[in-house]
Peer 1: 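My questions all concern the structure below.
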Amino acid sequence: MEHQLVIYNTLTRKKEVFKPLVEGKVGLYVCGPTVYSDSHLGHARPFITFDLLYRYLIHLGYSVRYVRNITDVGHLENEADESGEDKISKKARIEQLEPMEVVQKYMNSFHENMKELNVLPPSIEPRASGHIIEQEEMVNSIMENGFAYEVNGSVYFDVERYNKKYNYGKLSGRNLDDIKTNTRKLEGQDEKRNPFDFALWKKATPGHIMRWPSKWSDGFPGWHLECSVMSTKYLGEIFDIHGGGMDLTFPHHECEIAQSTASIGKESVRYWMHNNMITINGQKMARSLGNFITLQELFSGSHEMLEKAYSPMTIRFFILQAHYRSTIDFSNEALQASEKGLERLMAAVNSLELITTSPETTVDVVGLKEKCYAALNDDLNSPIAIAHLFDGVRMINSLKTGSEKISATDLDDLKSFFKTMVFDILGLKDEEAAGSGDDEILKGAIELLLNIRLEAKQNKDWGTADKIRNELNALGIEIKDSKEGFEWKLSPS
RNA sequence: GGUCUCUUGGCCGAGUGGCUAGGCAGCGGUCUGCAAAACCGCGUACGGCGGUUCGAAUCCGCCAGAGACCUCCA
């Protein structure tokens with residue numbers, strides 16, 4: 001492996017050379033969705049970001065076990081909701097559904113969205129509800145080690161005690177003193193010794209539907225426990241990379257570190273990676289802020305803020321055009337720019353097949369490859385890699401028109417590199433029914449018309465030629481004349 | 001209030017102490033019967049004020065503005 005991948009580790013706040021714990025193998029854990037409503041644009045970012053990482057690690061030759069959970073229990077509501085019921089059961093009551101029915105519904109739509117975005121499924125997709133026993137076991141071990149206490153059937157993590165031995169706050173860069181002065185006091189939390197303590201096990205209120213038996217009470221596991229449990233269960237006590245959105249750094253990931261450390265006596269995660277947020281009008285897009293646009297709305301264009309529908313690949317490309325640690329601002333203008341750019345990139349990929357070879361090569365394929373790899377190795381800098389790919393687009397177009405030359409060997413190299421980069425690593429796919437549509441009858445009919453047009457052109461019958469072109473255009477078929485004749489494709493809707 | 005981050009040309013977005021990504025839009029040109037596409041060229045941007053430096057958008061300070069986390073959150 002000649003390329004050295006460097007990734008930014010939130011824990012050290014530095015870029016570090018990535019070296020897996022076990023040579024050739026990578027354990028990757030990413031916080032998945034809480035399935036209680038449709039996914040929005042903001043949710044797409046981590047899954048696309050870490051899909052890129054997953055794909056790239058595989059490309060580099062690693063054998064990767066990618067674990068991405070489904071949160072289908074817990075996560076307390078904080079809104080005027082004194083019952084402390086969780087999001088899923090709250091929603092269930094509104095919609096008159098079984099909690100697991102809600103879970104199933106939104107899990108299905110999540111999977112559908114991921115498929116549309118060409119996000120590869122993880123190796124394991126564990127559900128919190130399927131690991132209640134393991135979570136109880138971890139609560140036990142944390143208690144045995146003296147870092148948790150029980151009150152009225154609920155178990156809380158003793159942050160102060162933990163902080164005496166370890167360092168609570170190291171990931172998010174805070175210290176307990178700061179936290180002490182800044183933690184808001186919430187209602188119904190007087191059971192805790194300190195407001196910054198967090199629940200490991202919560203006793204269910206009578207109205208709380210999702211509940212499991214335990215030796216402390218009938219209840220449910222705390223907010224952060226599932227990730228500690230499921231990551232170490234499937235990846236080992238120590239594993240390579242844990243990813244998620246930046247907004248999870250505190251308290252979620254901080255608590256995960258504390259739990260794992262308190263339970264097994266050492267830290268589990270070697271590299272923490274966090275993607276930044278998607279903003280809309282400069283503000284974070286979030287379910288709680290109500291300023292979100294769901295993926296389904298994006299794909300169909302059915303949202304008042306959308307000027308049109310944007311295809312899944314447009315969304316994917318849009319996200320990849322910004323570095324994952326930068327915020328990215330949503331706007332119709334930006335999305336349309338991505339759409340056009342992607343179209344150009346894909347047209348170039350298709351043009352690769354139309355290039356004729358020469359005895360000599362006048363372009364620098366090796367240089368292009370190196371630049372792209374250098375970009376990805378530098379903390380997954382996809383925007384830079386894409387910028388270089390656009391240099392490649394110019395290269396391809398020039399080769400196509402013959403103003404540059406390429407040998408057969410170099411062309412093979414360029415083709416395989418370009419397609420690997422675009423399809424395998426960036427995970428893009430061609431959404432347009434290019435000249436080779438599935439429908440043979442349609443294809444035949446269009447080409448018949450275009451051949452008639454070609455004849456008309458040869459006879460300088462511009463009226464007929466333009467009529468055919470204009471009317472096909474109106475039907476959504478784009479025509480490009482070329483020296484050999486024509487190219488056509490269905491335009492994206 | 002505490003902790004932290006950001007501020008780049010019309011828009012989106014990279015970036016390094018000097019060699020000034022890329023996409024979209026715009027302008028000019030080449031090609032074309034015309035168009036589309038493509039190709040070539042252009043616009044010389046880095047919030048403000050100071051400082052360090054031979055040289056700073058890139059380092060430091062101050063000011064202004066925006067945002068994130070501190071509470072569920074991708």
Peer 1: Within this structure, what is the OH-to-C1' distance between A:Y310 and B:C12, rounded to whole angstrom?
Peer 2: 13 Å

Peer 1: Centroid-to-centroid, A:H224 to A:H253, below 6.0 Å?
Peer 2: no

Peer 1: Mind listing the residues from residues 329-338 of chain A sitting with a heavy atom below 4.0 Å of RNA chain B? Number order is fine.
Peer 2: A:D329, A:E333, A:A334, A:A337

Peer 1: Nearest 0.5 Å, what's the OG1-CE distance between A:T279 and A:M285?
Peer 2: 8.0 Å

Peer 1: With the side chain of A:F318 defined as its heavy atoms from C-beta on, choose the nearest nucleotide among B:A74, B:C12, B:G23.
Peer 2: B:C12

Peer 1: Can you name the atoms? Protein N/O to nucleotides 1-3 of chain B N/O, anything below 3.5 Å, with the distance.
Peer 2:
| unit_1 | atom_1 | unit_2 | atom_2 | d |
| --- | --- | --- | --- | --- |
| B:G1 | N2 | A:N182 | OD1 | 2.6 |

Peer 1: Which whole number of Å gives the distance between the P atom of B:C6 and that of B:G47?
Peer 2: 12 Å

Peer 1: The criterion is side-chain hydrogen bond (donor to acceptor under 3.5 Å, both in side chains); which residues satisfy it with A:N9, sequence neighbours excluded?
Peer 2: A:E16

Peer 1: Between B:U8 and B:C27, how far apart are the P atoms? Round to whole Å, please.
Peer 2: 25 Å

Peer 1: Side-chain donor-acceptor contacts of residues 39-47 of chain A below 3.5 Å, not counting sequence neighbours, with atom names and distances?
Peer 2:
| unit_1 | atom_1 | unit_2 | atom_2 | d |
| --- | --- | --- | --- | --- |
| A:H40 | ND1 | A:G42 | N | 2.9 |
| A:H43 | ND1 | A:H40 | N | 2.9 |
| A:R45 | NE | A:N276 | O | 3.2 |
| A:R45 | NH1 | A:H323 | O | 3.3 |
| A:R45 | NH1 | A:S326 | O | 3.4 |
| A:R45 | NH2 | A:M277 | O | 3.2 |
| A:R45 | NH2 | A:S326 | O | 2.2 |

Peer 1: Can you tell me, in whole Å, how much space there is between the P of B:C31 and that of B:G26?
Peer 2: 22 Å

Peer 1: Considering the options A:V73, A:V103, A:I70, which one meets the side-chain contact (heavy atoms from CB on, under 4.5 Å) requirement together with A:S129?
Peer 2: A:V73

Peer 1: Just call it for A:N275: base, sugar-phosphate, or nothing, with non-hydrogen atoms closer than 4.0 Å on any strand.
Peer 2: base

Peer 1: Atom CH2 of A:W272 and atom C1' of B:A74: how far apart are they, to the nearest Å?
Peer 2: 14 Å

Peer 1: Can you tell me, in whole Å, how much space there is between the C1' of B:C62 and that of B:G29?
Peer 2: 49 Å

Peer 1: RNA chain B in dot-bracket, Watson-Crick or G-U pairs under 3.5 Å, [ ] crossing, | other strand?
Peer 2: (((((((..(((.....[...))).(((((.......)))))....(((((..]....))))))))))))....

Peer 1: Measure from the side-chain heavy atoms of A:P251 and tell me the nearest of B:A74, B:C70, B:G13.
Peer 2: B:C70

Peer 1: A:L345 has an atom CG; how far is it from atom P of B:G22, in whole Å?
Peer 2: 15 Å

Peer 1: Please report the closest heavy-atom contact between A:I241 and A:V269, naming both atoms and the distance.
Peer 2: C-CG1, 4.5 Å

Peer 1: Cut-off 3.5 Å, side chains only: do A:Q135 and A:W201 have a donor facing an acceptor?
Peer 2: no

Peer 1: For atom P, what is the distance between B:C59 and B:G2, given to the nearest Å?
Peer 2: 25 Å

Peer 1: Using the salt bridge (Lys or Arg N to Asp or Glu O under 4.0 Å) rule, collect all pairs that involve residues 373-393 of chain A, keeping only residues at least two apart or in two chains.
Peer 2: A:K15-A:D378, A:R325-A:D379, A:D391-A:R394

Peer 1: Looking only at atom P, what distance separates B:C19 and B:A45, rounded to whole Å?
Peer 2: 13 Å

Peer 1: Check side-chain hydrogen bond (donor to acceptor under 3.5 Å, both in side chains) between A:H111 and all other residues, then give those that pass, not counting sequence neighbours.
Peer 2: A:E125

Peer 1: Considering only the P atoms, how many Å lie between B:C70 and B:G9, rounded to the nearest integer?
Peer 2: 31 Å

Peer 1: Write out a two-atom table: protein N or O, nucleotide N or O from nucleotides 63-68 of chain B, distance below 3.5 Å.
Peer 2:
| unit_1 | atom_1 | unit_2 | atom_2 | d |
| --- | --- | --- | --- | --- |
| B:A68 | OP1 | A:K284 | N | 3.4 |

Peer 1: Tell me: OH of A:Y324 to P of B:C6, nearest whole Å?
Peer 2: 14 Å

Peer 1: Just how far is it from atom CG of A:L345 to atom CG of A:L426, taken to the nearest 0.5 Å?
Peer 2: 8.0 Å

Peer 1: Which sits closer to the 5' end of RNA chain B, A:A387 or A:I384, going by the nucleotide each is nearest to?
Peer 2: A:I384

Peer 1: I'd like to compare against my own output: the B/S/- annotation of nucleotides 25-40 of chain B with a strict under-4.0 Å heavy-atom distance to protein.
Peer 2: S-------BBBBSSSS

Peer 1: Just how far, in rounded Å, is C1' of B:G23 from CE of A:M346?
Peer 2: 15 Å

Peer 1: Can you sort out the partners of A:K400 under salt bridge (Lys or Arg N to Asp or Glu O under 4.0 Å), two or more places apart, ordered by chain and number?
Peer 2: A:E487

Peer 1: Quantified in whole Å, what is the P atom distance between nucleotide B:A64 and nucleotide B:G48?
Peer 2: 15 Å

Peer 1: Does the ring center of A:Y36 lie less than 6.0 Å from the ring center of A:Y106?
Peer 2: no

Peer 1: Mind checking what makes salt bridge (Lys or Arg N to Asp or Glu O under 4.0 Å) contact with A:E333, not counting sequence neighbours?
Peer 2: none

Peer 1: Given the side-chain rings of A:Y271 and A:H242, with only the six-membered ring counted for Trp, is the space between their centroids under 6.0 Å?
Peer 2: no

Peer 1: State whether A:Y310 and A:K308 meet the cation-pi test: NZ (Lys) or CZ (Arg) under 6.0 Å from the six-membered ring centroid, and within 45° of the perpendicular axis.
Peer 2: yes

Peer 1: When you compare the side chains of A:E226 and A:T71, does any donor N or O come within less than 3.5 Å of an acceptor on the partner?
Peer 2: yes

Peer 1: Please report, rounded to the nearest Å, how far the P atom of B:C24 is from the CD1 atom of A:I328.
Peer 2: 16 Å

Peer 1: Rounding to a whole Å, what distance do you find between A:N113:CG and B:A74:C1'?
Peer 2: 14 Å

Peer 1: Decide yes or no on side chain to side chain donor-acceptor pair (under 3.5 Å) for A:K202 and A:Y156, but give the supporting numbers first.
Peer 2: CA-CA 8 Å; A:K202 194 87 176 133; A:Y156 296 98; 3.1 Å; yes

Peer 1: Can you pull out every salt bridge (Lys or Arg N to Asp or Glu O under 4.0 Å) where at least one residue sits in residues 28-44 of chain A? Sequence neighbours excluded, please.
Peer 2: none

Peer 1: Which whole-number value in Å describes the distance from A:Y8 OH to B:G15 C1'?
Peer 2: 17 Å

Peer 1: Mapping A:H323 and A:G42 onto RNA chain B by nearest heavy atom, which one lands closer to the 5' end?
Peer 2: A:H323

